[in-house]
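Chain letters run A, B, ... following the sequence lines, proteins first, then strands; residues in each count from 1.
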Amino acid sequence: MADKMFQRMLAQVRRIPRGKVATYGDVAYASGFPGSARQVVWALRSGSGNGVPWHRVLGAGGKILLPGESGFEQRMRLHNEGVAFIGQRVDMKLHRHAFFGRSAPKKKKARARR
DNA sequence: GATATGACGTCAT
DNA sequence: CATGACGCCATAT
């Protein structure tokens with residue numbers, strides 16, 4: 001069931017060329033599951049290790065959300081691929097991978113006051 | 001089946 | 001920029 005979802009998400013991640021990055025939300029959207037950014041995480045945690053450049057997947061804004069050493073390793077790998085860092089984040093302006101030309105449209109703003 | 005959790009995203013304050 | 005709240009959905013217990 002969900003395996004299909006992971007396969008698709010992982011497939012998108014694999015499409016990210018060296019020196020490029022993407023956000024969880026973008027991967028989810030490109031995979032056909034807008035809003036399921038969390039599932040991308042599961043896909044990476046459970047299905048990574050197989051030619052899946054998990055280190056090219058970041059949080060919104062190019063922030064590395066990985067805790068501990070993994071995060072450190074990710075930062076190092078990206079930096080090694082030529083990714084420019086701005087403080088603790090990645091320069092999405094230059095490295096954001098445009099999946100198939102379609103970019104995730106920003107959400108609506110009318111969110112009824114709470 | 002219900003509840004809690006999580007490498008998230010976005011908006012409001 | 002920090003904090004809080006809500007949405008989204010597959011796993012784990």
Check your understanding: Would you find a donor on one side and an acceptor on the other, under 3.5 Å apart, between the side chain of A:His95 and the backbone of A:Ala84?
Key -> yes

Practice item. Apply side chain to side chain contact (heavy atoms under 4.5 Å, CB included) to A:Phe72 and A:Leu66, showing your working. Key: CA-CA 8 Å; A:Phe72 184 74; A:Leu66 265 159; over 6 Å; no

Check your understanding: Just how far, in rounded Å, is P of C:dA2 from NZ of A:Lys63?
Key -> 9 Å

**Study point:** Nearest-Å distance for atom pair OH/P, residues A:Tyr29 and B:dT10
**Key:** 12 Å

Revision key, fill the gap. Side-chain contact check for A:Trp54: nearest option of C:dT11, B:dG9, B:dA7 is B:dA7

Review point. Which residues in residues 73-82 of chain A have at least one heavy atom lying under 4.0 Å from any atom of DNA chain B?
Key: none

Practice item. Report the nucleotide, chosen from C:dA10, B:dG9, B:dA7, that has the shortest atom-to-atom distance to any side-chain atom of A:Ala60. Key: B:dG9

Revision key, fill the gap. Residues 58-71 of chain A vs side chain to side chain donor-acceptor pair (under 3.5 Å), sequence neighbours excluded, gives none

Point to revise | Among B:dG9, B:dA7, C:dT11, the one nearest A:Thr23 by side-chain distance | key: B:dG9

Review point. Would you call A:Arg77 and A:Glu81 a salt bridge, taking side-chain N to carboxylate O under 4.0 Å as the test?
Key: no

Residues 10-24 of chain A side chain polar contacts: donor-acceptor under 3.5 Å, at least two apart:
from: A:Thr23; atom 1: OG1; to: A:Asp26; atom 2: N; distance (Å): 3.0
from: A:Thr23; atom 1: OG1; to: A:Asp26; atom 2: OD2; distance (Å): 3.4

Point to revise | A:Glu73 side chain near A:His55 side chain, heavy-atom distance below 4.5 Å | key: no

Point to revise | Most 5' of A:Ala37 and A:Arg89 on DNA chain C, judged by nearest nucleotide | key: A:Arg89

Revision key, fill the gap. Side-chain atoms of A:Phe6 come closest, of C:dC9, C:dT11, B:dA7, to C:dT11

Revision key, fill the gap. Closest to the side chain of A:Trp42, out of B:dA7, B:dT5, B:dG9, is B:dT5

